[in-house]
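Notes for the one structure printed next.
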Amino acid sequence: MARAHIITYGCQMNEYDTHLVESQLVALGMDMVDSPDHADLVLLNTCAVRGKPVDKVRTVLGLLRKEKQKRNLVVGMMGCLAQLEEGQQIARKFEVDVLIGPGAILDISKALENNQRFWSLQFKDELHDFIPPAPVDKLQAHLTIMRGCDHHCTYCIVPTTRGPQVSRHPDLIMKELDMLLAAGVQEVTLLGQNVNSYGIDQGKRVPGVPSFAELLRMVGSSGIRRVKFTTSHPMNFTEDVAQAMAETPAVCNYVHLPVQSGSNRVLRRMAREYTIEKYLEHIAAVKKWMPDVVLATDIIVGFSGETEEDFQQTMDLFDEVGYDQAYMFAYSARPGTPSYKHFDDMPREVKIERLKRLIDKQKEWALKKNAAFVGQDVEVLLRGDATDPSLLEGHTRGNHPTFVPKVPGYDKPGIYTVRISHSTPHSMFGNFVDAQGQVLLPVKASAANA
Ligand code: 5AD
Ligand code: SF4
């Protein structure tokens, strides 16, 4: 049996697509293996959003090209980079055999049919209708509710790589959800570039497709324990989503609302289509409906033309909102984006220095926010063993990575109540709490031996 391995870069959409392609490969009789070393087929599911993941792909393809000289190996490239001229040049240089764009992933079987170089970049509509089999033995799963993006943020390559927005029909989503439930999945993350505009493709409401708020209520009443979603665009945020979240117990109190910058001037240059004032109104609505909401954001530091004053406004915004989590990036000028074409880049040192200051600020907030959980009982989905096998690892409803020592009877993946004992800016640590509210402390090996 031929063995295959997929290396995944980038976002959760890519993770979902990796799972989808894996299921296709398994259906073709291939065996998925954990390492590229012994695989006959190695696929790179690439990301093109910043220069760094592209550099990584170059390095790995260089190694794989050497490997190809030694043994029979098919190398493939999928994901966002595959859709770009930049990626196709890389593919030619490194003698990639199979190249499939984000809309062409169902072509993987065709690609492997004959031993010829196969490139496919066309978006195939049947992808929207395709329901991948549920993952095996997993408590968490992703579920794509839409593909593509209708926005044109000047820094972003995604509209080019993933095309215009297409919302999936709710019947398909609910069918896929039923399969996940039947397979024992307890937490689902609904995926889209911009879930808040679900059901409104290219500015038009799609017949038979509900709003995102209605979809959340539908998914939330399916019997699944936890519902999360990512990601939201503030431009399309509407208060009915916050209300649906608050009124649907399964939906987690976690909101990822990428702001990108605290300066209206920079937001205009980014073509984000909202002001900070508007953004803060959305945050206020979210906090009104869910006072205990966990807030996360994305920031691009050092966007073209960002002054020290603009950057200070981003720092001030962090103090105003008090984010629990933030994904912070230095601006990376990507060929093919409007800002690459029309704006100048700034010196790397300036970007890195600002990024460092923002990360320090965020650390202070995360430390403070996470410390507030110490002593509290929280619901944690523990997905399996941590690197240290005496611990289980997982996350809270607010996406805090959490670690818990195993105790007799509490050593398997599942959803548990955990009393938080201490925290850092990045993680929380705690102990199981039993049905009587008793904290279950691990018996120290030394004490057990005494
Ligand atoms: N440079 C840096 N970060 C970027 N992002 C998107 N494009 C770029 C870019 N050109 C960030 C944004 C987005 C996240 C997925 O990646 O913050 O929300
Ligand atoms: Fe995901 Fe964007 Fe990277 Fe594509 S470019 S993999 S959509 S993060």
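With Tyr155 as the aromatic partner, Arg334 does not meet the cation-pi criteria of under 6.0 angstrom to the ring centre and within 45 degrees of the ring axis. Judged by the 6.0 Å distance and 45° axis criteria, Arg50 is positioned over the aromatic ring of Phe329.
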Verdict with supporting geometry, Tyr9 and Val57, side-chain contact (heavy atoms from CB on, under 4.5 Å): CA-CA 9 Å; Tyr9 302 93; Val57 165; 3.9 Å; yes
Residues His169, Asp129; criterion side chain to side chain donor-acceptor pair (under 3.5 Å); working and verdict: CA-CA 8 Å; His169 196 278; Asp129 302 339; over 6 Å; no
Salt bridge (Lys or Arg N to Asp or Glu O under 4.0 Å) evaluation trace for Lys356 with Asp360: CA-CA 6 Å; Lys356 198 179 157 308; Asp360 285 347; 3.5 Å; yes
Salt bridge (Lys or Arg N to Asp or Glu O under 4.0 Å) assessment of Asp55 paired with Arg58: CA-CA 5 Å; Asp55 293 342; Arg58 271 205 194 87; 3.3 Å; yes
Residues Glu349, Arg354; criterion salt bridge (Lys or Arg N to Asp or Glu O under 4.0 Å); working and verdict: CA-CA 9 Å; Glu349 307 81 68; Arg354 286 183 190 165; over 6 Å; no
Residue pair Leu440, Asn431: steps toward the side-chain contact (heavy atoms from CB on, under 4.5 Å) verdict: CA-CA 6 Å; Leu440 306 171; Asn431 296 287; 5.9 Å; no
Salt bridge (Lys or Arg N to Asp or Glu O under 4.0 Å) between Lys288 and Glu239, intermediate numbers included: CA-CA 10 Å; Lys288 180 186 92 186; Glu239 188 167 344; 2.6 Å; yes
Verdict with supporting geometry, Ser304 and Arg269, side chain to side chain donor-acceptor pair (under 3.5 Å): CA-CA 8 Å; Ser304 159; Arg269 280 171 76 84; 3.1 Å; yes
Steps toward side-chain contact (heavy atoms from CB on, under 4.5 Å) verdict (Arg225, Ile415): CA-CA 9 Å; Arg225 287 276 295 274; Ile415 293 182; 3.1 Å; yes
Step-by-step side-chain contact (heavy atoms from CB on, under 4.5 Å) determination, Glu86 to Leu81: CA-CA 7 Å; Glu86 184 187 11; Leu81 186 58; 4.1 Å; yes
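Thr231 and Gln193 share no side-chain donor-acceptor pair at under 3.5 Å. With hydrogens and angles left out, the side-chain atoms of Ser339 and Tyr331 include a donor and acceptor closer than 3.5 Å. No side-chain donor from either of Glu15 and Thr18 sits under 3.5 Å from a side-chain acceptor of the other. Under 3.5 Å, the side chains of Gln165 and Tyr198 contain no donor-acceptor pair of N or O atoms. For Asp324 and His400, the side-chain atoms include no donor-acceptor pair closer than 3.5 Å. Side-chain contact annotation: Thr275 with Asn264, donor-acceptor N/O pair under 3.5 Å absent. When only modelled atom types and interatomic distance are considered, Ser263 and Asp310 share a side-chain donor-acceptor pair under 3.5 Å. At a cut-off of 3.5 Å, with distance as the only test, a side-chain donor of Gln243 or Glu247 sits close to an acceptor on the other residue. Defined by atom type and a distance below 3.5 Å, a donor-acceptor pair is present between the side-chain atoms of Asn236 and His151. A donor atom on one side chain and an acceptor atom on the other are found under 3.5 Å apart for Ser167 and Asp201.
Judged by distance alone, with hydrogens and angles left aside, the side-chain atoms of Glu187 form no donor-acceptor pair with the main-chain N or O of Leu139 at under 3.5 Å. At distances below 3.5 Å, not a single donor-acceptor pair connects side-chain atoms of Lys361 with backbone N or O atoms of Phe318. With Thr248 contributing its side chain and Met245 its backbone, the two residues share no donor-acceptor pair below 3.5 Å. Within the 3.5 Å criterion, the main-chain N or O of Gly51 finds a donor-acceptor partner in the side chain of Ser332. Side-chain atoms of Tyr410 do not come within 3.5 Å of backbone N or O of Tyr416 as any donor-acceptor pair. The backbone N or O of Asp37 sits nowhere less than 3.5 Å from a side-chain atom of His5 that would complete a donor-acceptor pair.
Looking at Val293 and Tyr254, their side chains never come closer than 4.5 Å, going by heavy atoms from C-beta outward. Side-chain contact between Phe429 and Thr424: present, with at least one pair of heavy atoms (C-beta onward) separated by less than 4.5 Å. Looking at Leu143 and Val219, their side chains never come closer than 4.5 Å, going by heavy atoms from C-beta outward. Residues Val294 and Asn399 have side chains not in contact (no heavy-atom distance under 4.5 Å, counting atoms from C-beta outward). By the 4.5 Å heavy-atom criterion applied to side chains, Met290 and Val255 are counted as neighbours. In this structure, Lys228 and Val251 have side chains that are not in contact, with every pair of non-hydrogen atoms separated by 4.5 Å or more. The shortest distance between side-chain heavy atoms of Met235 and Arg272 does not fall below 4.5 Å. Residues Glu379 and Thr396 are not in side-chain contact: their nearest non-hydrogen atoms beyond the backbone lie 4.5 Å or more apart.
For Asp344, the CG atom counts as loosely surrounded, since its 6.0 Å shell holds 12 or fewer non-hydrogen atoms of other residues, nucleotides or ligands. Annotation for Arg205: atom CZ counts as buried by contact number, over 12 foreign heavy atoms lying within 6.0 Å.
Checking each of Met146, Arg147, Glu176 against Arg168 for a side-chain contact (heavy atoms from CB on, under 4.5 Å) leaves exactly one that passes, namely Glu176.
Nearest heavy atom pair, residue Val380 against residue Gly394, reads CG1-C, 4.3 Å. When all heavy atoms of Met270 and Gln260 are compared, the pair lying nearest together is SD-CB, 3.8 Å. Nearest heavy-atom pair, Pro102 versus Leu127, reported as atom, atom and distance to 0.1 Å: O-CD2, 3.5 Å. Scanning all heavy atoms of the two residues, the minimum distance from Ala4 to Leu25 falls at CB-CD1, 4.0 Å. Closest non-hydrogen pair, Phe373 versus Val378, comes out as CD2-CG1, 3.8 Å. Smallest separation of non-hydrogen atoms from Asn14 and Cys47: ND2-N, 4.3 Å.
Between His128 and Phe123, the distance separating the two ring centers is shorter than 6.0 angstrom. Taking the six-membered ring for Trp and the full ring otherwise, the centers of His256 and Phe229 sit at least 6.0 Å from each other.
In this pair, Tyr274 and His233 present their aromatic rings perpendicular. The plane angle is above 60°, beyond the 30 to 60° band.
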